[in-house]
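Just so we're on the same page: letters track the sequence lines, and every chain starts at 1. Small disclaimer: the values here were computed from a predicted structure and weren't measured.
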Amino acid sequence: MASLIDLANPTRFMRLSGLLLPWLAGAALLLLAVGFYLAWFVVPADYQQGETIRIMFVHVPAAWLALMFYTMMAVSALGTLVWRHPLADVAQKAAAPIGACFALICLLTGAFWGKPMWGTYWVWDARLTSVLVLLLIYLGIIALRRALDEPSRAGRPVAILTLVGFVNVPIIKFSVDWWNTLHQPASVFRAGGPTIHPSMLWPLLILATGFTLLALALHLVAMRAEIMRRRVRTLTILEAERLDRLALQGVLA
Amino acid sequence: MSRAFLAILKRDLTLAARAGGGGELALVFFLTIVVLVPFALGPDLNLLSRIGPAILWLGALLSMLIGLDRLFQGDEEDGSLDLIRGSALPLELAVVAKALAYWLTTGLPLALAAPLLGLLVALPGEAMLPVAATLLVGTPALSFIGAAGAALTAGLRRGGLILPVLVAPLTIPVLIFGVSSANSAVGGTIPFLTPFLIMCALSLAAIVIGTIAAAAALRQAE
């Protein structure tokens with residue numbers, strides 16, 4: 001517990017994240033390079049889906065990370081609301097665009113995969129729809145943050161919206177599932193296909209780990225940039241106040 | 001405690017009745033949307049009666065959204081929100097009073113007007129009451145989810161634009177079950193009660209979560 005509190009100190013966080021970042025980025029690049037090599041040249045084409053199966057190696061990690069980053073944002077939101085820690089808000093702010101990007105990547109790769117497989121870029125299927133709604137919630141959170149002009153006061157409203165949105169995500173997933181089975185037969189992903197073969201599973205796991213490390217590295221970079229941005233802002237305000245005071249003294253003298 | 005609650009409720013109802021621009025504007029907007037649909041889709045009565053419940057639900061949802069940005073903004077501007085915050089009444093109850101007043105002046109008239117507007121989209125006679133009933137129990141959810149969004153954007157100058165963007169994705173479950181229970185009333189494979197009860201549950205959950213979230217948002221905004 002003590003280490004967690006230590007880490008929550010922004011100065012210590014800057015030092016530790018600075019040390020961690022090169023290793024994280026290096027490991028991510030290594031895993032991504034190995035994973036993409038396996039996925040492109042070693043993994044055989046699927047006997048049903050052919051070469052398009054290779055889209056899966058980006059699509060699945062992206063879907064996973066979109067959900068993981070939302071969960072992380074919800075945990076950060078709790079940190080902001082319960083412990084009022086500024087670093088939790090920094091983590092939330094940095095996570096939102098990254099999670100939104102992965103949700104978008106997931107949707108786009110899914111569309112490119114859907115066209116040859118299902119004959120259409122888009123179906124109003126439970127999984128597709130729930131990811132689209134997740135993207136909309138991400139964009140709403142980013143939009144609310146941008147609309148609040150005072151950064152020190154933006155944290156708590158954004159945290160509340162993040163938590164409310166989190167409650168909604170499982171409901172959306174469940175309800176649309178339920179709704180869809182009424183109106184059309186559920187189109188299950190990989191229906192009729194084999195349970196995933198080890199020759200594909202291993203590259204997928206390597207790439208998923210690589211993407212996760214990459215996302216975490218990007219998150220750290222974004223958090224560090226945000227901390228510095230806030231420091232610059234504070235320094236600017238202090239400097240402006242100092243000049244203000246000097247000018248006032250000049251007037252009085 | 002309950003006197004303060006009733007006072008807020010009465011004040012908001014009186015404001016809506018005398019200052020205007022509240023409930024009746026939402027009703028006119030509802031009518032406008034329902035009228036626009038046949039122009040966009042073509043006046044095919046078979047098609048319209050098939051998608052009628054969905055049109056009514058979509059129209060009601062959008063009409064609930066348009067007036068929402070004023071729910072707390074007016075109080076924030078004239079300072080009455082500070083008085084409400086400072087009073088002995090828990091902020092949660094004040095939120096319930098305001099969201100309830102919003103529902104009484106907006107959601108309830110929309111639900112009551114739905115059978116009438118159903119005529120315009122060739123809704124079958126036996127479906128009129130069920131569709132109105134789904135709107136009756138579904139619109140409170142929209143009102144309370146909307147209250148949370150309105151509380152978050154109360155102090156914003158561009159709140160009117162950002163509010164629907166925040167609230168609309170959160171209303172999707174209510175829309176899904178509202179439309180599916182309304183459709184099952186017109187005829188379908190599932191009994192009306194199944195999606196209807198799920199929507200009731202969603203509405204109750206939305207009242208609780210919306211109230212807590214709106215009060216939390218108002219509390220930190222001071």
Could you pull out the closest heavy-atom pair between [X] and [Y], with the gap in Å?
X	Y	value
A/Ala147	B/Ile162	CB-CD1, 3.6 Å
B/Leu166	A/Ile141	CD2-N, 4.5 Å
A/Gly140	B/Val165	CA-CG1, 4.4 Å
B/Pro169	A/Leu136	CG-CB, 4.0 Å

Can you tell which part of [X] gets under 4.5 Å to a heavy atom of chain B, answering side chain, backbone, both or neither?
X	value
A/Leu148	both
A/Leu144	both
A/Arg84	neither

Requested in this report: Tell me, for B/Ala213 versus chain A, whether the close heavy atoms (under 4.5 Å) come from the side chain, the backbone, both or neither.
Outcome: both

Query raised in the report: If you measure from CG on A/Leu163 to CD1 on B/Ile212, what distance do you get to the nearest 0.5 Å?
Result: 11.5 Å

Query raised in the report: If you round to the nearest 0.5 Å, how far is CG of A/Leu161 from OG1 of B/Thr153?
Result: 10.0 Å

Query - CH2/A/Trp122: more than 12 non-hydrogen atoms of other groups inside 6.0 Å - result: yes

